[in-house]
Trainee: 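Sharing a structure below in structure tokens format, with a few things to ask.
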Amino acid sequence: MSRVAYVNGQYVFSRDAKVHIEDRGYQFADGVYEVCEVFHGALIDEQRHMERLARSLAELRIDAPLGAGALKVILREVIVRNKVTNGYVYIQVTRGVAPREHTFPEKPVRPSLVVTGRQIDPEKGERAARKGISVVTTPDLRWKRVDIKTISLLPNVLARQTAKEQGAYEAWLIDSEGMVIEGAASNAWIIDRSGAIITRQLDHCVLRGVTRTTLIEIIAAEGLRFEERKFSVEEAFAAQEAFVTGATTLVMPVIAIDGRKIGAGAPGPVAQRLRAIFHDTAARSS
Ligand code: PDD
């Protein structure tokens with residue numbers, strides 16, 4: 001099937017889709033993005049993704065390319081045109097096209113908007129979750145405002161490549177004090193020996209994951225103990241369970257960190273349960 005993308009006002013076949021060579025996203029990574037899961041044809045936690053997109057744009061002083069209603073229509077159209085039942089939509093907004101100059105364009109330019117959609121075999125994620133994933137730790141080389149979801153992802157790309165070359169799926173980024181920040185494309189969690197579910201508190205060094213926010217609500221509803229604080233790599237090694245969260249990974253059990261087994265070296269019961277019930281609580285909008 002030919003894939004279809006929305007590019008600045010038009011639906012085009014992906015193979016024909018083009019952006020200008022002086023788009024500031026292309027030249028400066030001057031833009032932001034969102035990845036929103038599609039589950040049984042419905043968008044998961046759409047509202048939270050739209051709120052985060054609006055915040056990222058505001059932080060970088062990029063105008064919203066369209067009103068919220070128009071963007072909603074485009075997301076649905078991309079889902080339908082690409083026959084996505086399970087997968088994701090990708091939304092990218094850049095500051096727009098202007099002659100290359102680091103400062104913002106003198107004259108206002110129209111932000112560029114691209115939306116794509118992709119089908120993913122749901123069984124693939126389920127298989128990975130049944131097995132559990134491995135992670136490796138690596139220093140965090142990113143800038144100091146990763147709470148903004150920018151398309152500037154080179155350190156994340158390099159970290160994930162390092163993970164892949166070491167036979168792992170994800171890289172956990174570590175700060176100068178040996179504390180775990182988050183994954184290269186996911187939030188990082190552990191469950192300590194007392195059963196407390198722990199993830200790092202929010203600041204400018206970590207992305208406010210939408211899956212993370214929804215999972216915190218689920219944890220509260222389940223009556224489980226939650227601690228929002230820093231944890232060290234050493235604490236992670238000693239944890240009973242570990243997992244990562246993200247829009248496409250959902251709740252994904254971690255069974256090894258830097259080659260050391262976590263807990264029994266198999267997906268833990270709490271992570272498995274949280275994964276199983278995640279979609280019951282997440283907001284669906286079709
Ligand atoms: N990544 N932290 C980072 C650095 C991320 O890139 C992501 C998501 C998350 C989890 O956020 P959410 O739960 O809202 O997906 C945390 C997306 C999926 C990506 O870049 O593909």
Side-chain angles (χ1 to χ4, degrees), residues 25 29 31-39 43-56 59 75 84 86-93 114-120 124-125 128-129 133 135-164 169-175 179-190 199-219 228 230 242-252 254 271 274-275 278-279 281-283:
V32 302
Y33 77 106
E34 279 297 324
V35 177
C36 186
E37 189 203 359
V38 178
F39 178 70
L43 285 159
I44 298 300
D45 285 327
E46 178 185 15
Q47 188 56 31
R48 285 189 168 137
H49 284 282
M50 294 306 112
E51 283 164 13
R52 189 172 61 187
L53 178 64
R55 177 182 180 275
S56 297
E59 290 289 330
L75 297 184
V84 183
N86 291 285
Y88 64 86
V89 285
Y90 174 83
I91 307 158
Q92 177 172 308
V93 183
V114 170
V115 182
T116 57
R118 186 182 278 274
Q119 177 75 13
I120 307 179
K124 205 174 153 213
I133 60 159
V135 305
V136 294
T137 61
T138 180
D140 188 8
L141 302 180
R142 302 173 302 167
W143 74 321
K144 297 190 176 93
R145 285 305 307 276
V146 299
D147 56 310
I148 308 170
K149 198 164 170 62
T150 77
I151 57 173
S152 171
L153 290 173
L154 192 51
N156 310 59
V157 166
L158 295 177
R160 273 251 165 147
Q161 183 62 23
T162 299
K164 188 176 172 187
Y169 175 77
E170 180 59 302
W172 276 8
L173 308 176
I174 309 304
D175 70 16
M179 309 302 265
V180 177
I181 303 171
E182 62 178 331
S186 59
N187 289 114
W189 304 68
I190 57 167
T199 197
R200 191 178 172 110
Q201 77 277 12
L202 297 174
D203 53 25
H204 287 172
C205 303
V206 62
L207 184 76
R208 181 192 288 266
V210 168
T211 319
R212 175 189 185 283
T213 305
T214 299
L215 195 67
I216 291 170
E217 289 177 359
I218 295 172
I219 289 167
E228 201 173 21
K230 290 183 184 177
F243 60 92
V244 297
T245 56
T248 49
T249 39
L250 304 175
V251 178
M252 182 60 72
V254 170
L274 293 174
R275 181 181 179 89
F278 180 80
H279 283 127
T281 300

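Each ligand, and each atom within it, is numbered from 1 in the order the structure gives. None of the values given here were measured: they were computed from a predicted structure.
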Trainee: Start with the C-alpha gap between T214 and R48, add the side-chain angles, then the distance that decides, and say whether side chain to side chain donor-acceptor pair (under 3.5 Å) holds.
Mentor: CA-CA 9 Å; T214 299; R48 285 189 168 137; 2.9 Å; yes

Trainee: Under 3.5 Å between any N/O of V210 and any N/O of ligand 1: does that happen in this structure?
Mentor: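 So ligand 1 has an N or O lying under 3.5 Å from an N or O of V210.
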
Trainee: Any atoms of ligand 1 less than 4.0 Å from a non-hydrogen atom of A247? List them with their elements.
Mentor: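 Listed by number with element, the hits are 12 (P), 13 (O), 15 (O).
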
Trainee: Please confirm whether G209 comes within less than 3.5 Å of ligand 1 when only nitrogen or oxygen atoms on both sides are compared.
Mentor: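 By distance alone, the answer is no.
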
Trainee: If you measure from the Lys or Arg side-chain nitrogens to the Asp or Glu carboxylate oxygens, is any gap between R200 and E228 under 4.0 Å?
Mentor: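 E228 and R200: not salt-bridged.
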
Trainee: Would you call K149 a ligand 1 contact, heavy-atom distance under 4.0 Å?
Mentor: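 A heavy atom of K149 does come that close to ligand 1.
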
Trainee: For the 3.5 Å polar cut-off, considering only N or O atoms, please tell me whether R208 and ligand 1 meet it.
Mentor: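 Min N/O separation from ligand 1 is not below 3.5 Å for R208.
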
Trainee: For T245, take its heavy atoms, then give the atoms of ligand 1 lying under 4.0 Å from any of them.
Mentor: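 Contacts of ligand 1 toward T245, numbered from 1: 10 (C).
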
Trainee: Should R212 be counted as touching ligand 1, given the test is an N or O pair under 3.5 Å?
Mentor: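 For ligand 1, there is no N or O atom that lies under 3.5 Å from one belonging to R212.
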
Trainee: Is the shortest N/O to N/O distance between E182 and ligand 1 below 3.5 Å?
Mentor: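 Between E182 and ligand 1, an N or O pair is found under 3.5 Å apart.
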
Trainee: N/O to N/O below 3.5 Å, does that happen between R142 and ligand 1?
Mentor: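 No - when backbone and side-chain N and O of R142 are compared with those of ligand 1, no distance drops under 3.5 Å.
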
Trainee: Is it the case that over 12 heavy atoms from other parts of the model lie below 6.0 angstrom from the CZ atom of R55?
Mentor: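 It does: R55 CZ has more than 12 such atoms within range.
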
Trainee: Taking only heavy atoms of L207 into account, list the atoms of ligand 1 that are under 4.0 Å away from them.
Mentor: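 Ligand 1 atoms under the 4.0 Å threshold to L207: 2 (N), 3 (C), 5 (C), 7 (C), 9 (C), 11 (O), 16 (C).
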
Trainee: For ligand 1, which atoms, with element, lie under 4.0 Å from some heavy atom of N187?
Mentor: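 Within the 4.0 Å cut-off of N187, ligand 1 contributes 10 (C), 16 (C).
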
Trainee: Just to be sure I read this right, does ligand 1 sit under 4.0 Å from the backbone of V35, its side chain, both, or neither, counting only heavy atoms?
Mentor: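 Near ligand 1, V35 shows its side chain, while the N, CA, C and O stay back.
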
Trainee: Can you sort out which atoms of ligand 1 are near G183, meaning under 4.0 Å from one of its heavy atoms?
Mentor: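 Answer for ligand 1: 4 (C).
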
Trainee: Can you name the atoms of ligand 1, numbered from 1 with element, that are less than 4.0 Å from a heavy atom of G246?
Mentor: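 Checking each atom against G246, I get 10 (C), 13 (O), 15 (O).
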
